[in-house]
There are 2 protein chains.
Amino acid sequence: MVENIKKYGGCPVSATLKIIGGKWKPLILYFISVDVNRFGQLQKMMPGCSKRMMTTQLRELESDELVHREVFAEVPPKVIYTLTEKGESLRPVFRELSKWGIKNILEPRMSENQQR
Amino acid sequence: MVENIKKYGGCPVSATLKIIGGKWKPLILYFISVDVNRFGQLQKMMPGCSKRMMTTQLRELESDELVHREVFAEVPPKVIYTLTEKGESLRPVFRELSKWGIKNILEPRMSENQQR
DNA sequence: AATAATGGTTACAAATTGGTAACTATATAA
DNA sequence: TTATATAGTTACCAATTTGTAACCATTATT
């Protein structure tokens with residue numbers, strides 16, 4: 001990997017994490033991928049994420065071209081978020097992250113609690 | 001994935017990112033994996049990472065059981081860091097993160113610069 | 001004329017993270 | 001006796017991130 005760092009002038013893993021590592025980004029990307037695609041719907045699914053956070057995370061995902069934002073000229077406003085191709089291409093990455101997390105964090109956490 | 005979130009009480013992707021997402025953690029894990037395993041050596045490889053940061057990141061990796069810290073009773077002090085099995089098991093995760101980062105961030109960044 | 005619905009924006013405060021530089025310990029070598 | 005090497009720790013300050021709550025625009029409905 002050192003060759004990659006030299007070749008490209010940076011660590012590819014850190015570069016990816018910088019883009020997808022926002023506090024709510026994985027969850028937002030996931031929900032959009034299953035067609036929870038409106039601002040208000042996303043908020044209902046993630047009550048811990050404030051309106052302000054939701055907007056900034058979505059704007060960053062948009063400027064990194066992982067999601068597309070489509071505004072309809074209606075009142076009350078209607079906005080729909082969809083994954084771009086670049087966003088879709090994260091699937092295998094998320095699959096690995098998810099597999100590892102279930103096995104090494106969530107499952108152990110569960111069996112801990114079952115002990116008592 | 002919503003089933004996983006409900007089943008395990010949390011998002012497995014976010015859980016993993018919380019552990020490996022520290023500013024210097026991917027790089028530290030990588031260098032340890034190729035036997036750059038002493039504190040001072042790691043510092044030389046990562047001049048942008050302050051001593052203080054290096055210690056806190058290493059301590060967190062240790063408490064998350066991704067690295068093992070072995071202290072030798074010598075003067076001057078000698079400490080060697082190695083990957084645990086849990087740390088090793090991140091390889092496929094990092095492979096995907098790296099592949100995606102090269103293709104979608106580093107390569108585009110390079111060809112941009114070549115244009116002029 | 002007031003209210004609801006949607007998707008925000010803005011100002012301010014609080015919390016978290018990170019940088020800098022000085023300090024520590026101790027055996028060995030000069 | 002003083003300097004060197006290694007692996008830190010600590011205090012203090014600056015920067016970044018995040019939360020809270022109030023505000024906005026517009027059309028349709030009551």
Side-chain angles (χ1 to χ4, degrees), chain A residues 10-11 13-29 31-32 35-64 66-84, chain B residues 10-11 13-29 31-32 35-64 66-84:
Chain A
C11 167
V13 175
S14 300
T16 304
L17 290 177
K18 210 170 166 192
I19 286 188
I20 64 170
K23 196 170 178 187
W24 299 96
K25 287 183 188 176
L27 231 32
I28 291 176
L29 289 171
F31 282 123
I32 293 179
D35 289 326
V36 179
N37 51 18
R38 297 192 54 179
F39 191 91
Q41 292 176 341
L42 288 167
Q43 275 205 281
K44 268 167 212 154
M45 300 304 283
M46 292 174 264
C49 178
S50 70
K51 206 178 262 199
R52 187 179 158 291
M53 259 322 249
M54 187 66 79
T55 328
T56 61
Q57 300 274 296
L58 282 169
R59 290 294 184 277
E60 287 175 19
L61 291 170
E62 196 193 349
S63 82
D64 287 328
L66 300 182
V67 312
H68 175 244
R69 177 170 180 264
E70 187 176 5
V71 184
F72 293 80
E74 298 177 8
V75 168
K78 177 176 174 185
V79 176
I80 281 189
Y81 292 95
T82 47
L83 291 192
T84 61
Chain B
C11 166
V13 174
S14 300
T16 303
L17 291 177
K18 209 170 167 192
I19 285 190
I20 64 170
K23 196 170 177 186
W24 299 96
K25 287 182 186 176
L27 231 30
I28 292 176
L29 289 171
F31 282 122
I32 293 178
D35 290 325
V36 178
N37 51 19
R38 297 192 53 180
F39 190 90
Q41 293 176 342
L42 287 168
Q43 275 205 277
K44 268 166 214 155
M45 300 305 283
M46 289 174 265
C49 178
S50 71
K51 207 178 260 198
R52 186 178 158 290
M53 256 325 245
M54 187 67 78
T55 327
T56 59
Q57 300 275 293
L58 281 168
R59 291 289 184 282
E60 287 175 19
L61 290 171
E62 197 193 349
S63 84
D64 287 328
L66 300 182
V67 312
H68 174 244
R69 178 171 178 262
E70 188 178 2
V71 183
F72 292 81
E74 297 177 13
V75 168
K78 178 175 171 185
V79 176
I80 280 189
Y81 293 94
T82 47
L83 291 192
T84 61

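Note on naming: letters A, B, ... go to the chains in the order of the sequence lines (proteins, then strands), and numbering restarts at 1 for each one.
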*Asks:* B:Ile80 CD1 to D:dT6 P: how many Å, rounded?
*Replies:* 13 Å
*Asks:* Where is the tightest heavy-atom contact between B:Met46 and B:Ile28, given as atom of each residue plus distance?
*Replies:* CE-CG1, 3.7 Å
*Asks:* In whole angstrom, what separates B:Lys25's NZ from C:dT17's C1'?
*Replies:* 12 Å
*Asks:* Less than 4.5 Å apart, any side-chain heavy atom of A:Phe39 and any of A:Leu58?
*Replies:* yes
*Asks:* Which residue pairs pass the salt bridge (charged side-chain N to carboxylate O under 4.0 Å, His left out) test when at least one of the two sits in residues 39-58 of chain B, sequence neighbours left out?
*Replies:* none
*Asks:* For a 4.5 angstrom cut-off between non-hydrogen side-chain atoms, does B:Lys78 reach B:Ile80?
*Replies:* yes
*Asks:* Minimum heavy-atom separation for A:Arg38 to A:Pro77, with atom names?
*Replies:* NH2-O, 3.7 Å
*Asks:* Would one find a side-chain N or O of A:Arg69 under 4.0 angstrom from OP1 or OP2 of C:dG7?
*Replies:* no
*Asks:* May I ask you to test the B:Lys25-B:Glu60 pair for a side-chain heavy-atom distance under 4.5 Å?
*Replies:* yes
*Asks:* Using a cut-off of less than 4.0 Å, is there contact between a side-chain N or O of A:Arg52 and OP1 or OP2 of D:dA21?
*Replies:* no
*Asks:* How would you label the contact of A:Phe72 with the nucleic acid (heavy atoms, under 4.0 Å): base, sugar-phosphate, or nothing?
*Replies:* nothing
*Asks:* Just by distance, do the side chain of A:Gln57 and the backbone of A:Met53 share a donor-acceptor pair under 3.5 Å?
*Replies:* no
*Asks:* Whole Å only: how far is the NZ atom of B:Lys78 from the C1' atom of D:dT4?
*Replies:* 18 Å
*Asks:* Tell me: CD of A:Gln57 to C1' of C:dG8, nearest whole Å?
*Replies:* 16 Å
*Asks:* Any side-chain heavy-atom pair from A:Glu70 and A:Thr82 closer than 4.5 angstrom?
*Replies:* no
*Asks:* Whole angstrom is fine here: how far is it from OH in A:Tyr81 over to P in C:dT6?
*Replies:* 15 Å
*Asks:* Let me know the distance between CD1 of A:Ile28 and P of C:dG7, rounded to the nearest Å.
*Replies:* 14 Å
*Asks:* Between D:dT16 atom C1' and B:Met53 atom CE, what is the distance in whole Å?
*Replies:* 13 Å
*Asks:* Between C:dG19 atom C1' and B:Met54 atom CE, what is the distance in whole Å?
*Replies:* 14 Å
*Asks:* Roughly how far, to the nearest 0.5 Å, is OG1 of B:Thr84 from CD of B:Glu62?
*Replies:* 10.5 Å
*Asks:* Are B:Ser50 and C:dG19 close enough that a side-chain N or O sits under 4.0 Å from OP1 or OP2?
*Replies:* yes
*Asks:* Scan residues 38-48 of chain A against DNA chain C and write down, sorted by residue number, each residue with any heavy atom closer than 4.0 Å; if none is found, say none.
*Replies:* A:Arg38, A:Phe39, A:Gly40
*Asks:* Atom pairs under 3.5 Å, N or O on each side, protein against nucleotides 22-27 of chain C: can you list them with distances?
*Replies:*
none

